[in-house]
2 protein chains.
Amino acid sequence: MSLRHAVLGLLSAGPASGYDLLKTFELSLENVWPATQSQLYAELGRLAQEGLVRVAAEGPRGRKEYEITEEGRAELRHWLVEVSPAVNRRSDMLLRVFFLDQVGTGAARGYLERLAERAVHEHDQLLGIREFVIGQGDDALRLYGDIALEWGLRLTAAQREWAEWAAGRVAALEQEKAPEQGKAGQSAERQ
Amino acid sequence: MSLRHAVLGLLSAGPASGYDLLKTFELSLENVWPATQSQLYAELGRLAQEGLVRVAAEGPRGRKEYEITEEGRAELRHWLVEVSPAVNRRSDMLLRVFFLDQVGTGAARGYLERLAERAVHEHDQLLGIREFVIGQGDDALRLYGDIALEWGLRLTAAQREWAEWAAGRVAALEQEKAPEQGKAGQSAERQ
DNA sequence: GCTTCCATGTAATGCGTTACATGATTTT
DNA sequence: AAAATCATGTAACGCATTACATGGAAGC
């Protein structure tokens, strides 16, 4: 149930409409907590009903500008320091690894190599973002943005290294199982 | 929609009942793709209706032993090699980092330190699992199990290092913002 | 005989996605 | 005048969680 906290968090930086928040979700929270338009408007309605946010002003085209209330701020802080973060357990990527013996070493290695490539690509994208956001915001905001970005960089780097290592291990098994193929078939060594 | 593939993957190793599968989910897939009893029985029903699995035998207490069909195996392989894995974007842990400026440096540092501790704990648990499963299964199964476990180890190690680094950066900001506290207030240096 | 384990199912509720639906204002 | 953007809302559907509900078989 973190969507509400994401909304409260964004509103804690200043008032915004549902539409504004949607843009922010698409831009800066896309890789952390994606949300759709439907979800946002529904959540804003609920938050307003519960008194955690309030409509501060109405603009053209039915625009409603929401503002966080003191209760909202309290709930945000409570969540931040007292509710322990949920771990993200589901991993499609890893689930597949468990079943890779169903497709043979060639395809398995291919899968892992593609994971490595994807990790490199994501890493590069994050480096691009870092260049773009350098020096934005005040001290604290910049620091926490940096910290989040650094996690992305470390995660993608670790994923790349792991996937390459894993592809290597699969390749070793491949050699071991088919030593008769090719003339360099000295595969008796198992380290 | 990976639950079905998790089920197909498990059944690809041999027939099992819903109850058996549930135990396997609780034991070995808990950290990769958790599933509840309700979900499992529903999914088995759907898979059977679509011909991807079949009831191979009925036992005592209404036990139904499911078996993967050729279509099921084909679907599993298709998913493994042709469907690109979905990335797990939502991260409660990281979402909080974005809003840490709402709680002050002390609480923020505390949050990051607890993340580091948790990562250490998870890492240790994985090491325990590794000791326990050493040498189980045939070559291929052991390899892919190892690879999955290795990811867990690298992820938790990276998380620990990152969280400790981040806590250090917050501590530096803390010093910078409150240099008057304590007598060792030489905080003019910024790296 | 009692407890534990095996074994399957249904119902209610919530979150998330996709699609549908509408209209006002600003920009070109 | 047309197109793009701003702006909000509803509906249908699927997946996940929790709780409810039932009963047979095996072990002590």
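Atom set for the values below is all heavy atoms of this structure, side chains included, hydrogens, waters and symmetry mates excluded. Reminder, nothing fancy here: chain letters follow the sequence lines and each chain counts from 1.
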Practice task
Check whether the side chain of S38(B) and the base of dT18(D) form a donor-acceptor pair under 3.5 Å.
Solution key: yes
Exercise for the section: For R90(B), answer base if it contacts any base atom (sugar-phosphate contacts may also be present), sugar-phosphate if it contacts only those atoms, and nothing otherwise; contact means non-hydrogen atoms under 4.0 Å. Expected result: sugar-phosphate
Handout entry: Distance in angstrom units between K64(B) NZ and dG23(D) C1', rounded
Key = 15 Å
Exercise for the section: May I have the distance from D92(B) (atom CG) to dG16(C) (atom C1'), rounded to whole angstrom? Expected result: 16 Å
Problem - V97(A) side chain reached by W151(B) side chain, heavy atoms, under 4.5 Å - result: no
Handout entry: Nearest to side-chain heavy atoms of Q37(B), which nucleotide of dC6(C), dA21(D), dT8(D)
Key = dA21(D)
Exercise for the section: Report yes if a side-chain nitrogen or oxygen of Y41(B) is closer than 4.0 Å to either non-bridging phosphate oxygen (OP1 or OP2) of dG9(C); otherwise report no. Expected result: no
Handout entry: Nucleotide dG16(C), atom C1' - distance to CZ of R4(A) in whole Å
Key = 15 Å
Practice task
Output yes when at least one side-chain N/O atom of K23(B) is less than 4.0 Å from OP1 or OP2 of dC5(C), else no.
Solution key: no
Practice task
Measure the shortest side-chain to side-chain distance between L22(A) and Y41(A) over non-hydrogen atoms and say whether it is less than 4.5 angstrom.
Solution key: no
Handout entry: Side-chain N,O (R63(B)) to OP1/OP2 (dC6(C)) below 4.0 Å
Key = no
Fill in the blank from the handout: Closest of dG9(D), dT26(C), dA7(C) to the R61(A) side chain is dT26(C)
Handout entry: Distance below 4.0 Å between Q39(A) side-chain N/O and dC15(C) OP1 or OP2
Key = no
Practice task
Specify the separation, in whole Å, of atom CG of L40(A) and atom P of dC15(C).
Solution key: 14 Å
Exercise for the section: May I ask you to decide if the ring planes of W79(B) and F99(A) are parallel, tilted or perpendicular, using 30° and 60° as cut-offs? Expected result: tilted
Practice task
Using modelled atom types only, decide if a donor and an acceptor are shared between the side chain of H123(A) and the backbone of L153(A) within a distance under 3.5 Å.
Solution key: yes
